[in-house]
Amino acid sequence: MTTPEERELYAELVLQCAESVPRGRVTTYGAIADVVGHRLGRGGPRLVGNVMATHGAAVAWWRVVRSDGSLPPSHDEEARQAYLEEGTPLRPGGAVDLRAAFVAPTLRGADAP
């Protein structure tokens with residue numbers, strides 16, 4: 001991402017993917033990176049994490065987790081409450097059960113930015 005417009009487009013698409021995840025389900029930073037990367041030809045899980053850290057408050061950020069089903073420790077309590085309210089499947093250790101809760105993120109139709 002070299003221009004402000006490219007960074008803004010990447011962030012828009014990441015947030016659109018996060019918004020596509022329904023209640024009680026999750027996706028991963030890597031899955032979003034794959035979808036957005038397919039559209040734009042660049043990016044990765046760390047960049048998705050950066051976008052979520054910077055702009056994710058506007059979406060259900062707890063529905064985007066690490067590949068092991070966890071969130072950074074600083075988010076655990078708030079996310080856990082959201083998982084319980086939404087009925088998100090959890091493993092005994094507290095991480096999300098990705099086998100039961102994972103959903104592939106999507107972007108809107110071909111006319112999406």
Side-chain angles (χ1 to χ4, degrees):
M1 311 306 121
T2 56
T3 68
E5 292 81 15
E6 289 175 324
R7 288 189 295 273
E8 184 177 327
L9 176 58
Y10 191 88
E12 269 183 50
L13 294 178
V14 165
L15 296 176
Q16 190 181 122
C17 281
E19 290 173 337
S20 78
V21 179
R23 288 178 57 85
R25 304 293 295 274
V26 299
T27 196
T28 63
Y29 295 104
I32 290 177
D34 289 345
V35 170
V36 175
H38 182 73
R39 176 71 61 91
L40 300 180
R42 60 188 171 277
R46 288 180 188 257
L47 185 54
V48 170
N50 185 295
V51 169
M52 292 301 294
T54 305
H55 307 287
V59 299
W61 53 265
W62 58 89
R63 295 181 189 154
V64 182
V65 299
R66 295 175 176 163
S67 61
D68 66 355
S70 69
L71 279 166
S74 61
H75 294 83
D76 271 351
E77 268 316 301
E78 193 174 350
R80 185 164 185 71
Q81 185 60 39
Y83 297 147
L84 294 173
E85 289 173 9
E86 293 186 0
T88 305
L90 300 174
R91 295 191 316 240
V96 172
D97 181 346
L98 285 177
R99 286 184 183 211
F102 180 81
V103 64
T106 59
L107 291 172
R108 289 189 285 268
D111 60 327

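Since the model is a prediction, treat every value here as computed from it, not as a measurement. Just so you know, residue 1 is the first one in the sequence shown, and it goes up from there.
Rounded to the nearest 0.5 angstrom, E12 CD and R7 CZ are separated by 14.0 Å. Within the model, atoms OG1 of T88 and CG of L90 stand 6.5 Å from one another, a figure rounded to the nearest 0.5 Å. Between the OH atom of Y29 and the CG atom of D34 there is a distance of 15.0 Å, given to the nearest 0.5 Å. Taken to the nearest 0.5 Å, the CE atom of M52 stands 6.5 Å off from the CG atom of L15.
Looking at heavy atoms from C-beta onward, V96 lies out of side-chain contact with P89 at the 4.5 angstrom threshold. With a 4.5 Å cut-off on side-chain heavy atoms, H75 and W61 count as touching. Two residues are said to be in side-chain contact when any heavy atoms from C-beta on lie closer than 4.5 Å; L107 and L13 meet this criterion. C17 is not listed as a side-chain neighbour of T27, based on a closest heavy-atom distance of 4.5 Å or more. In this structure, the side chains of L98 and T28 come closer than 4.5 Å at one or more pairs of heavy atoms. L40 has its side chain within reach of L9: a pair of non-hydrogen atoms, C-beta onward, lies under 4.5 Å apart. Residues R63 and V103 form no side-chain contact, since every pair of their non-hydrogen atoms from C-beta on lies 4.5 Å or further apart.
A search for side-chain hydrogen bond (donor to acceptor under 3.5 Å, both in side chains) contacts involving S20 returns nothing, not counting sequence neighbours. The side-chain hydrogen bond (donor to acceptor under 3.5 Å, both in side chains) check on E85 picks up Q81, with sequence neighbours excluded.
Formation of a donor-acceptor pair under 3.5 Å by the S70 side chain with backbone atoms of R66 is not found in this model. With hydrogens and angles disregarded, a donor-acceptor distance shorter than 3.5 Å links the side chain of Y83 to the backbone of W62. Looking only at distances, no side-chain donor or acceptor of E19 sits under 3.5 Å from a matching main-chain atom of V59.
In the hydrophobic cluster analysis, where Ile, Leu, Val, Met, Phe, Trp and Tyr join through side-chain heavy atoms closer than 4.5 angstrom, V21 is grouped apart from V35.
Across all their heavy atoms, A101 and R25 have their closest contact at O-NE, 3.0 Å. Looking at every heavy atom in both residues, E86 comes nearest to G24 through OE1-N, 3.0 Å.
The residues E6 and R42 are annotated as salt-bridged, a charged nitrogen and a carboxylate oxygen being separated by less than 4.0 angstrom.
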